[in-house]
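Report on the structure given below.
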Amino acid sequence: MMNILNKLKTRKKSVLAVVIITIAVIVWNSISYKTQLNILSQLGSVNAKYELISDLVYGYKISCEELKEVSDNGYNIPRYNALGWLMKIYIDAAKSGNKSARSNLLKMANGKGGISRRLIGCEKDDITASQIAALIYLNELFEKNPTGIEDWSSSDNIISYSDIITSGDIISYYLNSSKWSDTKSLDYQYYAQDLIDKKVELYKNDFLKNKDEQAIKNLLDLAYLAKNTIEETAKEIYQLVLLMGDKEQKKEAEFYLAMLSYDSHSEMDKQDGLNKMQSLASENYSPALVFLGDDIKRYSDNNSLVLARAYYEKARKFFRWQNREYTRRNILTKIYHTYSQEEKKYMYHLLEIAECGKRSTSVWDADMIYCSLDLANIYFEVGKYDEARTIYEEILIYDNTNMHSLSHLAEIYYKGLGVRQDLEKAKEYYGKLCDLKEQKYCDLFREVNEKIR
């Protein structure tokens, strides 16, 4: 009898456990994914923390300043800069095997894409420091086996295409490490050289056996990575492309070979590079036309600027989108800067055509910020204060210490240019400029403050 009662009690407990688990599953599935992540994050899940912060970063929903505040809130983590706390989360997730975190760390170490460039209002020093911090972490992690990063970052089980780590990413990491390392610079160059050699052989065989056109594109990518550090290797790859590539690919190879010759210390090589560039320009090859325009423009006299403009205008006419060296925006901005300050008042439509200052869903890069600043400055000069103000405010989203934007916005609100005078806002902007150690703006801050009182 007792055995039967004990069995019944056990069954009741089992049934109760099943009911509790079922209810828990139902409740868990009924809450949002973000709430689930928050709960897991509070329980110490590094991957949940990573996904939460990534959602904020990749949605452009968090700034460097906000990140600094978050990182100060209950976390005793030493930071190189405002990105340090974020780095800690990414490093912890990478250690746990999170492929996306590993991909982002590598991108950050290479100074391209990655999280730091999606944060709003990051200073240049923040981004540089985050790159160095990522390089230091990866260098230390693979100190005993530097090429181990090739296995650590394998593409197995990666779901998102953006998280795929290519051989180019690894080569860039080696080359960037060679620049920053004091003691192992040549070692990292050797690792890059070795991986490049393997990939060149692979792509060459792919093309010879299968006539795979992508193989030539891959060779051009490798040469582009190598050209600033392992110059001779880049030249060998470009020579290979001259043998196997199509017409456009051969022109690209000729262009970079000419550029490498021009950058040589030998006057003979320099002249040879210039001659080859002129030959390409005679075929209306857009990058060569821009290159020659830049070469002439450096003399800065009026005749040189007119000649440079002619090259740029021709480059614009024959511009093709698949051009890794210059963008359409680059060329239009270069044309704009061949005009005098007075002429620019009538030529800023070039910057408008280039869509400088235009709001977009993608993060603004340095080129976009520079050309947007050019447009905002000329708008300010010709009295289009409202348009100028809008662009200056947009620039500060991505570069919150941009002095041109801060000073012009301060003046706009101080003098009521195109808007109602707002001394509080003027004071705010002059205060930020004063924080940047500019005495004249500290004086203006006090002047505005006195008027408010």
Side-chain angles (χ1 to χ4, degrees), residues 99 103 106-107 110 112-113 147 149-151 153-175 189-262 272-273 275-291 315 317-328:
K99 299 287 186 178
S103 171
L106 193 57
K107 287 175 183 175
N110 290 335
K112 65 174 186 178
T147 57
I149 193 169
E150 295 173 33
D151 298 323
S153 56
S154 69
S155 298
D156 297 341
N157 303 319
I158 286 181
I159 297 173
S160 171
Y161 178 77
S162 63
D163 294 334
I164 292 175
I165 297 171
T166 66
S167 56
D169 293 325
I170 303 296
I171 292 166
S172 292
Y173 162 72
Y174 288 147
L175 294 176
Q189 280 193 31
Y190 170 78
Y191 304 142
Q193 179 74 66
D194 185 57
L195 186 52
I196 287 173
D197 289 343
K198 290 175 183 175
K199 291 298 175 182
V200 167
E201 199 61 32
L202 175 67
Y203 298 144
K204 186 169 67 172
N205 290 335
D206 279 349
F207 180 78
L208 293 174
K209 290 179 181 178
N210 308 315
K211 297 299 178 186
D212 183 2
E213 293 181 6
Q214 183 60 43
I216 306 299
K217 294 177 183 177
N218 291 339
L219 285 173
L220 286 168
D221 289 341
L222 286 178
Y224 190 78
L225 286 174
K227 69 182 178 67
N228 292 325
T229 311
I230 317 175
E231 186 178 308
E232 290 307 313
T233 298
K235 287 180 179 178
E236 289 172 12
I237 298 172
Y238 285 130
Q239 292 292 349
L240 198 58
V241 173
L242 290 179
L243 295 174
M244 302 191 300
D246 62 24
K247 184 179 178 181
E248 285 301 312
Q249 290 166 339
K250 287 179 179 179
K251 277 190 177 181
E252 182 175 341
E254 287 173 7
F255 171 77
Y256 284 110
L257 284 169
M259 184 183 281
L260 289 168
S261 293
Y262 185 83
D272 181 57
N275 291 342
K276 288 176 179 176
M277 204 64 79
Q278 289 169 339
S279 176
L280 284 168
S282 70
E283 299 174 30
N284 297 323
Y285 187 59
S286 182
L289 289 163
V290 176
F291 180 92
K317 180 180 178 181
F318 293 99
F319 177 76
R320 287 190 170 189
W321 187 251
Q322 59 272 27
N323 177 345
R324 78 169 81 229
E325 195 64 29
Y326 307 105
T327 65
R328 178 171 169 268

Report task. Output, in order, the C-alpha distance, side-chain angles, deciding distance and verdict of side chain to side chain contact (heavy atoms under 4.5 Å, CB included) for I237 and I196. Result -> CA-CA 10 Å; I237 298 172; I196 287 173; 3.9 Å; yes
Query raised in the report: Is the NZ or CZ atom of K211 positioned over F207's six-membered ring, under 6.0 angstrom from the centre and within 45° of the axis?
Result: yes
Query raised in the report: If you round to the nearest 0.5 Å, how far is CG of L225 from CD1 of I230?
Result: 9.5 Å
Query raised in the report: Going by atom types only, do E150 and Y174 share a side-chain donor-acceptor pair under 3.5 Å?
Result: yes
Query raised in the report: For Q278, does the CD atom sit with more than 12 other heavy atoms under 6.0 Å from it, leaving out its own atoms?
Result: yes
Requested in this report: For N218, enumerate each residue passing the side chain to side chain donor-acceptor pair (under 3.5 Å) test, keeping only those at least two apart in sequence or located in another chain.
Outcome: Q214
Report task. For the residue pair S172 and D169, confirm or rule out a side-chain donor-acceptor distance under 3.5 Å. Result -> no
Query - Qualifying salt bridge (Lys or Arg N to Asp or Glu O under 4.0 Å) pairs, either residue in residues 216-241, two or more places apart - result: D221-R324, E231-K235, E232-K235
Report task. Mind listing the closest non-hydrogen atom pair of S286 and A315 along with its distance? Result -> OG-O, 3.1 Å
Query - Nearest-0.5 Å distance, CG of residue L260 to NZ of residue K276 - result: 10.0 Å
Query - Counterpart residues, side chain to side chain contact (heavy atoms under 4.5 Å, CB included), relative to T229 (two or more places apart) - result: L175, S178, K179, Q189
Query raised in the report: Can you check side chain to side chain contact (heavy atoms under 4.5 Å, CB included) on D246 and I216, steps first, answer last?
Result: CA-CA 9 Å; D246 62 24; I216 306 299; over 6 Å; no
**Report entry** T147 side chain reached by I170 side chain, heavy atoms, under 4.5 Å
**Finding:** no
**Report entry** Contact list for residues 195-204, test side-chain hydrogen bond (donor to acceptor under 3.5 Å, both in side chains), sequence neighbours left out
**Finding:** Q193-D197, D194-K198
Query - F291: partners by ring-ring contact (aromatic ring centres under 6.0 Å, His included), with sequence neighbours left out - result: Y262
Query raised in the report: Is there side-chain contact between I149 and L106, with at least one heavy-atom pair below 4.5 Å?
Result: yes
**Report entry** Y238: partners by side chain to side chain donor-acceptor pair (under 3.5 Å), with sequence neighbours left out
**Finding:** none
Requested in this report: Sequence neighbours left out, what passes salt bridge (charged side-chain N to carboxylate O under 4.0 Å, His left out) with D212? Give chain and number order.
Outcome: none
Requested in this report: Return the set of residues passing side chain to side chain contact (heavy atoms under 4.5 Å, CB included) with T327 (not counting sequence neighbours), or none when no residue passes.
Outcome: R329, N330
Query - Residues forming a side chain to side chain contact (heavy atoms under 4.5 Å, CB included) with N228, sequence neighbours excluded - result: none
Report task. For E325, check side chain to side chain donor-acceptor pair (under 3.5 Å) against everything at least two apart and list the hits. Result -> Y256
Query raised in the report: Do Q249 and L219 have side chains that get closer than 4.5 Å, going by heavy atoms?
Result: no
Query raised in the report: Do any N or O atoms from the side chain of S261 and from the backbone of L257 form a donor-acceptor pair under 3.5 angstrom?
Result: yes
**Report entry** Test side chain to side chain donor-acceptor pair (under 3.5 Å) applied to S279 - qualifying residues, sequence neighbours left out
**Finding:** none
**Report entry** Non-neighbouring partners of A288 that pass side chain to side chain contact (heavy atoms under 4.5 Å, CB included), sequence neighbours left out
**Finding:** F255, M277, L280, A281, Y285
